A.B. asks: 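Take a look at the following structure, please.
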Protein chains: 2
Amino acid sequence: METALLIISHGSRRAASNEEVFALTSRIRELTDGLRVECAFLEITEPTVQQKIDELAAAGVTDIQIFPHFLAAGSHVVNDIPREIEAGRKKHPDTSFSILPHLGSLTDLPTLIFKQLRSCK
Amino acid sequence: METALLIISHGSRRAASNEEVFALTSRIRELTDGLRVECAFLEITEPTVQQKIDELAAAGVTDIQIFPHFLAAGSHVVNDIPREIEAGRKKHPDTSFSILPHLGSLTDLPTLIFKQLRSCK
């Protein structure tokens, strides 16, 4: 079973904002021992989620783990991402999809913020 | 000099999303040794940034450190937050304001995401 981590972000009209997501994706990829790590966008920016799901499935990935790169469990996390996954499932019934906890819910986030802010002083 | 950390978030129509910000604020406050840690919202949700700045200044806080709780350096981070700070400065010329790096730029963020995702498997 080949696994990929797919980071889903909102997408922005500002190129610099999208670049932050691509850069984050690269840095997470570097931390893994060869895991395929990709990103896709819900709106505005390409690759779209469907483009990336199709690409991963075509490349033989059979297990796609989705990371919602969102701070809050708003409509994008609760409705849009599950809807995208459902569309992907219909096209690729042999691929397994799972949705990981969204960024804002990661329990170490407050500690990260506190430590990094302290180091800025 | 009394310092406060002011976490600025976007604000949401979904109460649960705002609750996530209040909860994050509480958790960061618990990590500090008595630092005043508050949150305020740019849109939709109260307290507004101006309400919170006025409250902190009235309480004798003379150094307000702003943390933009945003993933990307978009218009909210680049334009709206500095404009809010400028408005606060005019009302409270004896208060020092500084803007910390926004969440998406914290260098340990990729490591946090990677570690927590691995622990979910």
Side-chain angles (χ1 to χ4, degrees), chain A residues 3 5 7 9-21 23-33 35 37 45 63 65-79 98-121, chain B residues 3 5 7 9-21 23-33 35 37 45 63 65-79 98-121:
Chain A
T3 297
L5 174 64
I7 298 166
S9 185
H10 186 276
S12 170
R13 282 182 187 80
R14 289 185 72 257
S17 296
N18 299 321
E19 282 305 321
E20 288 187 73
V21 179
L24 177 86
T25 303
S26 295
R27 289 199 298 271
I28 293 175
R29 186 182 299 126
E30 288 163 10
L31 293 169
T32 73
D33 50 355
L35 180 68
V37 182
T45 308
D63 173 35
Q65 302 190 351
I66 311 285
F67 175 60
H69 190 55
F70 287 82
L71 286 177
S75 182
H76 296 306
V77 171
V78 174
N79 301 318
S98 55
I99 304 183
L100 297 158
H102 69 285
L103 176 62
S105 71
L106 299 189
T107 52
D108 282 349
L109 192 61
T111 308
L112 169 86
I113 294 172
F114 171 64
K115 281 188 183 165
Q116 291 230 351
L117 294 184
R118 202 169 43 181
S119 74
C120 291
K121 284 184 187 175
Chain B
T3 297
L5 173 65
I7 297 166
S9 184
H10 186 275
S12 170
R13 284 181 185 80
R14 290 185 72 257
S17 296
N18 298 320
E19 282 306 321
E20 288 187 71
V21 178
L24 177 86
T25 304
S26 296
R27 290 199 297 271
I28 294 176
R29 187 183 298 125
E30 288 163 11
L31 293 169
T32 72
D33 50 356
L35 180 67
V37 182
T45 308
D63 173 35
Q65 303 191 350
I66 312 285
F67 174 61
H69 190 53
F70 288 80
L71 285 177
S75 181
H76 296 307
V77 170
V78 174
N79 301 317
S98 54
I99 304 183
L100 297 158
H102 70 286
L103 175 61
S105 71
L106 298 188
T107 51
D108 282 349
L109 193 61
T111 308
L112 170 87
I113 294 172
F114 172 64
K115 281 187 182 168
Q116 290 231 354
L117 295 184
R118 201 169 45 179
S119 74
C120 291
K121 285 185 186 173

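Residue numbers start from 1 in every chain, and the chains themselves are labelled A, B, ... in the order their sequence lines are given, proteins ahead of strands. The model shown is predicted, which means the values in this text are computed figures rather than measured ones. Heavy atoms only: backbone and side chains are in, while hydrogens, waters and symmetry mates are out.
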A.B. asks: Please report the shortest heavy-atom distance between B:Leu109 and B:Leu103, naming the atom on each side.
C.D. replies: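 Nearest heavy atoms, B:Leu109 then B:Leu103: CD2-O, 3.9 Å.
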
A.B. asks: Does A:Ala73 offer a backbone N or O that forms a donor-acceptor pair with the side chain of B:Glu20 under 3.5 Å?
C.D. replies: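 Pair found, side chain donor or acceptor close to backbone of A:Ala73.
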
A.B. asks: Which answer fits B:Ser26, side chain, backbone, both or neither, if we ask what part of it has an atom under 4.5 Å from a heavy atom of chain A?
C.D. replies: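 Contact with chain A: none, neither part.
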
A.B. asks: Please classify the contact of B:Thr32 with chain A as side chain, backbone, both or neither, using a heavy-atom distance under 4.5 Å.
C.D. replies: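 Contact with chain A: backbone and side chain both.
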
A.B. asks: Applying side chain to side chain contact (heavy atoms under 4.5 Å, CB included), can you list everything that pairs with A:Ser105, at least two apart in sequence or on another chain?
C.D. replies: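 If we apply the side chain to side chain contact (heavy atoms under 4.5 Å, CB included) test to A:Ser105, skipping adjacent residues, the hits are A:Pro101, A:His102.
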
A.B. asks: What are the two closest non-hydrogen atoms of A:Leu71 and B:Leu71, and how far apart are they?
C.D. replies: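 Looking at all heavy atoms of both residues, the shortest contact is CG-CG, 3.9 Å.
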
A.B. asks: Can you tell which part of B:Ser98 gets under 4.5 Å to a heavy atom of chain A, answering side chain, backbone, both or neither?
C.D. replies: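 Contact with chain A is absent: no heavy atom of B:Ser98 under 4.5 Å.
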
A.B. asks: When heavy-atom pairs shorter than 4.5 Å are enumerated against chain A, which of B:His10, B:Glu19, B:Arg13, B:Arg14 gives the highest number?
C.D. replies: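 It is B:Arg14.
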
A.B. asks: When only pairs under 4.5 Å are counted, which of B:Pro110, B:Ser17, B:Ala23 shares the most heavy-atom pairs with chain A?
C.D. replies: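 Greatest number of close heavy-atom pairs with chain A: B:Pro110.
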
A.B. asks: Quick check on A:Thr111 against chain B: is it the side chain, the backbone, both or neither that has a heavy atom closer than 4.5 Å?
C.D. replies: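 Backbone plus side chain of A:Thr111, per the 4.5 Å heavy-atom cut-off to chain B.
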
A.B. asks: Among B:Leu31, B:Leu5, B:Ile28, which residue forms the greatest number of heavy-atom pairs with chain A at distances under 4.5 Å?
C.D. replies: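 Most heavy-atom pairs within the cutoff with chain A belong to B:Leu31.
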
A.B. asks: If only atom types and distance count, is the side chain of A:Asn18 paired as donor or acceptor with the main-chain N or O of A:Ser12 below 3.5 Å?
C.D. replies: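 Yes; judged by distance alone, with no hydrogens or angles, the pair exists.
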
A.B. asks: Examine whether an atom of B:Ala16 lies under 4.5 Å from a heavy atom of chain A, and if so say whether it belongs to the side chain, the backbone or both; otherwise answer neither.
C.D. replies: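 Neither part, no heavy atoms under 4.5 Å.
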
